[in-house]
Amino acid sequence: MDMDDTTAVGLVERLTRSFGDLETRFHGAYWDAATYATHENEARSAELELGLRRAKGDPAALAQVEAELEAGGRDRILRRQLEVLRQSLLGNQMDDDLRSEIVALSNSITSDFASHRPQLGGTEVSDNDIQEVLERSDDEAERRRAWEASKEIGVVVAERVMKLAELRNSAAHAAGFSDYYSMSLALQELPQEELWARLTLLEELTREPYTTWKSALDDHLASRFGATELEPWHYADPFFQTVPSNGGVALDGHFAGLEAQHLAEVSFRRWGIDLAGVLAQSDLFPRAGKSQHAFCIQMDRKEDVRILANIVPGQRWVEVMLHESGHAAYDACIDPSLPYLLRRPAHTFVTEGMAIMSGRLARDPRWLVDVAAIQPGVISQIEEELHRTTRAASLLFARWGLVMVHFERALYQDPTADLDELWWQLVERFQLVRRPPDRRAPDWAAKVHIATVPVYYQNYLLGEMLATQLRTAIERDLDAHLVGAPAAGRWLDERLFAPGASLRWDDLVRSATGRELSPEDFAVSLTGSSLEGNGDRAVGSTRRSRETQGE
Ligand SMILES: [Zn+2]
C-alpha cells in the first residue's frame, strides 16, 4: 500500500462498518416480516430500510468516495470497493422529505397489491383462483371476467404509480441523471446502448420462432374455444408470460413423493456444493402469516444464507427450489477472504443466470433420471415433449420481458404519456396479443414489478441469456454433461462464485465463459436443433431480496 491509499482504506473501513451493521439488522427485520407478517415486524423492517437509505444518502461520504476515485491509481480490490460504494451512495442522494415520500408511497402500493381481492361471481378471489380459471376453464365468459378481475388492481394504483415515477425522476435529476431509468441502469453498471443492442438482438432472434410457436398455439385455442378472434383471456395467465402447467408435460405425478428441498440438496451435493446448512436455517413450508413468494437472502455476507419458500408437492416447487438453491450456492461460495463490500454476486443478473440454469434442471431428462430417479423408460417417452415445453417457456418469457423493458424505459422518459395506449402497442408488437376492442384501462399498472421492483426486468432477460451461455461453456470446457458432474461444481465455484463482486460483470462473464455476454447460445437452444440446455424459466421465482434494490 502506498501512502496515498491510507485515507481511502480508512474511508472504506468506516463506511463498511456503518453500512454493514445497518444492512445486517435490516435483513434480520426483513426476514422476520417475511416469515411472520405482523404489523410490528413490517414497521420495523420499513424503519430500518429508511435508516439504511438515509445513511447511504450522506452527501459528504459520496464526495469523499468520488475524490478518492478521481485520485486514480489504487490497488484493484480497493478501487472496486470504492466503485461499489459510489453506486450505493449515489442512488440514495436526495432530500429527506423526498426519500420518505418515495418509501411511503411505494409501501402503500405494495400493501394494496398484497391486500386487494377482486370479486368474481360474487366472491373475493386470490391470484391463484384467477390463475386456476385461466388455466382450466372452457367457459369464455368466466375467463373474460377472471382476466378483467386480474386488472382491477391497476385502476386502484395507477395514479400513485405515475406519481412514484415522477418522484423517482426527481431524485434522479438531483443526482445529475436525465431520468430514473438512466440512473438505475448506470448504478447497475449496464451501459444503455450495450444493453439495448443485446435486447434488440434478442428480439430479432426470437421473432420467427415465437411467431411460429404462437400461431400453432392460436390454432389450438381457436378450435378449443370455437373463436374466430382470440382475446387476451384465451391465454393461460393474466399477462401471457408462462406456459400453462397443463400445457406441457405433466410431471407432478412423478414428483409427488419427492421433496423439493431434498432434490435441490442432492443436485448441488453432486456438484460438491453442500447446502445442508443453508436449508437448515431456511423457512421452506407454507404457513399462515408468511410471504407466499420465494427468495434467497444473504443475511450477513458470511455463513448465514437463507431461503424462504412455500413447498407443496409437484413440479413447480421443485423448480423454484432448484432456482433459489442456485442463488444460495453462489452466496455461500463467494471467497470469504474478500472484503465485505465485494462478498456478493458480481451482478443481480449473474446470480439470476445461475439460478435460472439450476431451475431449468427440473425439466432436464438426465436430471429427471439421475437425481429425481424417474424410470428412464418414462422419460424417454416424453423427452421430445420436455424439450418443446422448455423452448416454449423461454420464448414466451423473452417476448413478455421485452414488453416490460420497453414499457419501463418509456414510463420514466415521460410518466405523463398515454401509458394505457403505449402498453397495448407493446403487447401487440412483442407478444402478438390483440387488445380487446374498446379496452381503455391502466393494465400496465396491474404488474407489481413496475411499482415495487423498478428497472429490474432486464436482469431476468440477461439472466436467461447467461444461463444458456454458462451451461454451454461448462459442457464445452468439461466435455461432460452438467448434471451430477463434480467438475461442473468446481468450474462454477472457481470461475463464477469465488470472485464475488471483485470483478465487474462483463469481466467476470468474459473470464468465466471465454466470451462476451450474448443471446446467441440462448437463441440456438430455441431452434430445436439442440437437445441440451433448453431454457425454462423458474416459475414463480422472484428477485432475490430487497436489499439489492436502489443500492
Ligand atoms: Zn431468482
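Owing to the predicted nature of the structure, the values given are computational and were not obtained by experimental measurement.
Between P286 and I311, the shortest heavy-atom contact is CD-O, 3.3 Å. Nearest heavy-atom pair, P238 versus L134, reported as atom, atom and distance to 0.1 Å: N-CD1, 3.6 Å. Across all non-hydrogen atoms, the minimal contact from A146 to L120 is N-CD1, 3.7 Å.
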Practice prompt. Begin from the C-alpha positions of V133 and W147 and carry the test side-chain contact (heavy atoms from CB on, under 4.5 Å) through to its verdict.
Written response: CA-CA 9 Å; V133 172; W147 183 85; over 6 Å; no

- Message: Go through it in stages, so that I can follow the logic: the residues are D521 and R515, the test is side-chain contact (heavy atoms from CB on, under 4.5 Å), and I'd like the CA-CA distance, side-chain angles, deciding distance and then a yes or no.
- Response: CA-CA 11 Å; D521 289 344; R515 1 194 234 108; 2.6 Å; yes

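Between the OG atom of S223 and the CG atom of D218 there is a distance of 11.0 Å, given to the nearest 0.5 Å. In this structure, CG in L205 is found 9.0 Å from CE in M465, a value given to the nearest 0.5 Å. Once rounded to the nearest 0.5 Å, the distance linking CD of E42 with CG of D32 reads 11.5 Å. If you take CG on L275 and CD on E324, they are separated by 12.0 Å, rounding to the nearest 0.5 Å. With rounding to the nearest 0.5 Å, the separation of CG in L466 from CG in L461 is 12.5 Å. Atom CD in Q458 sits 10.0 Å away from atom CD in Q192 (nearest 0.5 Å).
Heavy atoms from other residues, nucleotides or ligands lying under 6.0 Å from CD of E303 number 12 at most. Within a 6.0 Å radius of CG in D479, other residues, nucleotides and ligands contribute 12 heavy atoms or fewer. In D127, the CG atom is not crowded: 12 or fewer heavy atoms of neighbouring residues, nucleotides or ligands sit closer than 6.0 Å.
Salt-bridge check for D304 with K302: failed, with every basic side-chain N at 4.0 Å or more from each acidic carboxylate O. Ion pairing between a basic and an acidic side chain is recognised when a charged N comes within 4.0 Å of a carboxylate O; D493 and R490 show no such pairing. Residues E189 and R80 are paired through a salt bridge, judged by an N-O separation under 4.0 Å between the basic side chain and the carboxylate. Electrostatic pairing of E83 and R504 does not count as a salt bridge here, judged by no charged N lying under 4.0 Å from a carboxylate O. Residues E408 and K447 are not paired through a salt bridge, judged by the lack of any N-O separation under 4.0 Å between the basic side chain and the carboxylate.
Between H406 and W196, the ring center distance clears the sub-6.0 Å criterion.
Residues satisfying the ring pair (Phe, Tyr, Trp, His ring centres under 6.0 Å) test with F349, not counting sequence neighbours, are H347, W505. In this structure, the ring pair (Phe, Tyr, Trp, His ring centres under 6.0 Å) partners of F225, at least two apart in sequence or on a different chain, are H234. Y340 pairs by the ring pair (Phe, Tyr, Trp, His ring centres under 6.0 Å) definition with nothing, not counting sequence neighbours. With sequence neighbours excluded, the residues satisfying side chain to side chain contact (heavy atoms under 4.5 Å, CB included) with P118 are H116, V125, I130, A149, E152. In this structure W491 satisfies the ring pair (Phe, Tyr, Trp, His ring centres under 6.0 Å) test with no other residue, sequence neighbours excluded.
Aromatic ring pairs are classed by plane angle as parallel below 30°, tilted from 30° to 60° and perpendicular above 60°; the pair W213 and F240 is parallel.
Evaluation of the side-chain hydrogen bond (donor to acceptor under 3.5 Å, both in side chains) test over residues 266-286, restricted to residues two or more places apart or in two chains, returns S267-W367, D283-R287, D283-K290.
Among Q431, Q241, R143, K214, the one residue that satisfies the side-chain hydrogen bond (donor to acceptor under 3.5 Å, both in side chains) test with Y235 is K214.
Residues T390 and R360 have side chains that never bring a donor and an acceptor to within less than 3.5 angstrom of each other.
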